[in-house]
Amino acid sequence: MNYFQLPKIDLHCHLDGSIRPETAFELAVANRLAESEDKDALIQSLSVPEDCKNLDEYLNCFALPLKVMQTKAALTRISFELFEDAARENVKYLEVRFAPLLHQTQGLSLAEIIESVVEGMKRAETMYDIRGNYILSVLRGMPTTKLNPSSMPVYLG
């Protein structure tokens with residue numbers, strides 16, 4: 001049986017853990033976070049070792065993705081590619097989790113961050129037989145900010 005042909009849903013996918021290795025590399029070089037000769041080591045840094053010893057070692061794999069996911073263009077691209085990859089595996093519905101507060105280091109507003117990932121998702125939905133939603137994660141230990149719910153985008157799809 002070819003499992004790729006079966007229609008599927010994915011209800012627990014993490015955006016920052018789903019970046020294509022090639023995309024991470026391209027964005028890292030473009031943002032001067034890596035040199036072109038660092039490709040193999042950089043891509044390897046995205047994978048948890050089989051003998052992972054603790055949560056900190058596991059979470060280190062998310063360091064680079066979070067560094068390159070700080071612009072509207074990068075967030076839109078990564079979102080689109082995630083939905084594109086899922087559609088190619090015959091996923092019909094995908095729920096993606098991410099923490100918008102982790103994507104503000106270059107000054108993006110929460111609204112811009114959310115709009116960017118939804119834009120990538122919506123573009124993929126028009127090109128592929130897939131639908132999706134985002135679940136926003138709030139992280140304990142993050143500084144509190146004053147949120148104005150009326151200024152946050154609302155998407156009814």
Side-chain angles (χ1 to χ4, degrees), residues 8-89 91 93-125 127-128 130 132-148 151-153 155:
K8 296 170 270 306
I9 61 171
D10 185 344
L11 300 178
H12 193 117
C13 180
H14 290 262
L15 182 65
D16 50 359
S18 300
I19 186 171
R20 290 178 182 167
E22 288 292 329
T23 298
F25 173 71
E26 288 174 22
L27 292 173
V29 171
N31 287 288
R32 297 188 173 113
L33 298 169
E35 300 294 328
S36 58
E37 61 269 9
D38 296 339
K39 184 175 184 177
D40 292 336
L42 184 142
I43 288 175
Q44 186 175 348
S45 76
L46 300 173
S47 296
V48 177
E50 286 188 34
D51 65 342
C52 182
K53 294 169 184 44
N54 55 48
L55 181 60
D56 288 335
E57 186 177 4
Y58 176 83
L59 292 176
N60 283 338
C61 295
F62 293 89
L64 179 66
L66 289 173
K67 286 179 184 174
V68 300
M69 296 171 73
Q70 298 298 324
T71 66
K72 292 191 287 187
L75 289 164
T76 301
R77 175 183 176 179
I78 292 163
S79 176
F80 171 80
E81 290 176 352
L82 170 57
F83 279 87
E84 179 179 55
D85 292 345
R88 289 181 175 163
E89 293 182 7
V91 173
Y93 179 75
L94 178 64
E95 283 186 353
V96 182
R97 300 159 186 270
F98 87 116
L101 291 174
L102 297 177
H103 304 280
Q104 294 185 298
T105 64
Q106 291 184 19
L108 292 179
S109 70
L110 294 174
E112 290 172 317
I113 293 164
I114 295 166
E115 288 167 353
S116 298
V117 298
V118 170
E119 178 184 331
M121 176 187 72
K122 293 291 187 189
R123 186 162 35 114
E125 287 179 337
M127 296 175 65
Y128 300 99
I130 190 168
N133 273 303
Y134 270 93
I135 297 173
L136 307 182
S137 300
V138 179
L139 304 172
R140 283 182 275 172
M142 291 290 294
T144 58
T145 57
K146 293 182 182 177
L147 297 179
N148 178 357
S151 71
M152 299 303 293
Y155 301 96

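None of the values given here were measured: they were computed from a predicted structure.
No side-chain heavy atom of Leu108 sits under 4.5 Å from any side-chain heavy atom of Gln70. Proximity of Met69 to Leu15: side-chain heavy atoms (C-beta onward) are separated by under 4.5 Å at one or more points. Inter-residue side-chain proximity for Ile19 and Val68 is flagged as met; some heavy-atom pair is nearer than 4.5 Å. Using a 4.5 Å cut-off on side-chain heavy atoms (C-beta onward), Leu94 and Phe83 make contact. Side-chain atoms of Glu26 and Arg77, non-hydrogen and from C-beta on, do get closer than 4.5 Å to each other. Contact annotation: the side chain of Ile135 never approaches that of Asn133 to less than 4.5 Å [non-hydrogen atoms, C-beta and beyond]. Residues Val118 and Thr76 form no side-chain contact, since every pair of their non-hydrogen atoms from C-beta on lies 4.5 Å or further apart.
Note on residues 30-57: no pairs pass ring pair (Phe, Tyr, Trp, His ring centres under 6.0 Å), not counting sequence neighbours. The salt bridge (Lys or Arg N to Asp or Glu O under 4.0 Å) analysis of residues 37-48, with sequence neighbours excluded, yields the pairs Glu22-Lys39. Counting only residues at least two apart or on different chains, the salt bridge (Lys or Arg N to Asp or Glu O under 4.0 Å) pairs with a member in residues 52-68 are Asp51-Lys53. Screening residues 45-64 for ring pair (Phe, Tyr, Trp, His ring centres under 6.0 Å) gives Tyr58-Phe62 as the qualifying pairs, with residues at least two apart or on separate chains.
In this structure, Ser116 OG and His103 NE2 are separated by 10.5 Å, a value rounded to the nearest 0.5 Å.
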### side chain to side chain contact (heavy atoms under 4.5 Å, CB included) between Cys61 and Leu46, intermediate numbers included
CA-CA 5 Å; Cys61 295; Leu46 300 173; 5.7 Å; no
### Task
Would you sort out whether Lys122 and Phe80 count as a side chain to side chain contact (heavy atoms under 4.5 Å, CB included), showing the intermediate values?
CA-CA 8 Å; Lys122 293 291 187 189; Phe80 171 80; over 6 Å; no
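The side-chain hydrogen bond (donor to acceptor under 3.5 Å, both in side chains) test applied to Lys8 returns no partner, not counting sequence neighbours. Under the salt bridge (charged side-chain N to carboxylate O under 4.0 Å, His left out) criterion, Arg123 pairs with no residue, sequence neighbours left out. For Tyr134, the ring-ring contact (aromatic ring centres under 6.0 Å, His included) criterion is met by Phe98, not counting sequence neighbours. In terms of the side-chain hydrogen bond (donor to acceptor under 3.5 Å, both in side chains) criterion, Glu125 has no residue partners (sequence neighbours excluded). Residues passing the side-chain hydrogen bond (donor to acceptor under 3.5 Å, both in side chains) test with Ser137, sequence neighbours excluded: none. A search for side-chain hydrogen bond (donor to acceptor under 3.5 Å, both in side chains) contacts involving Arg97 returns His12, not counting sequence neighbours.
Counting all heavy atoms, side chain and backbone alike, Glu112 lies closest to Ser109 at OE1-N, 2.8 Å. Between Pro100 and Ile113 the shortest heavy-atom distance is O-CD1, 3.3 Å.
Under 3.5 Å, the side chains of Glu81 and Thr23 contain a donor-acceptor pair of N or O atoms.
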Solution key, residues 28-35 side-chain donor-acceptor pairs under 3.5 Å, sequence neighbours excluded:
| from | atom 1 | to | atom 2 | distance (Å) |
| --- | --- | --- | --- | --- |
| Asn31 | ND2 | Leu27 | O | 2.7 |

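With hydrogens and angles ignored, the 3.5 Å screen pairs a side-chain donor or acceptor of Ser79 with a backbone N or O of Met121.
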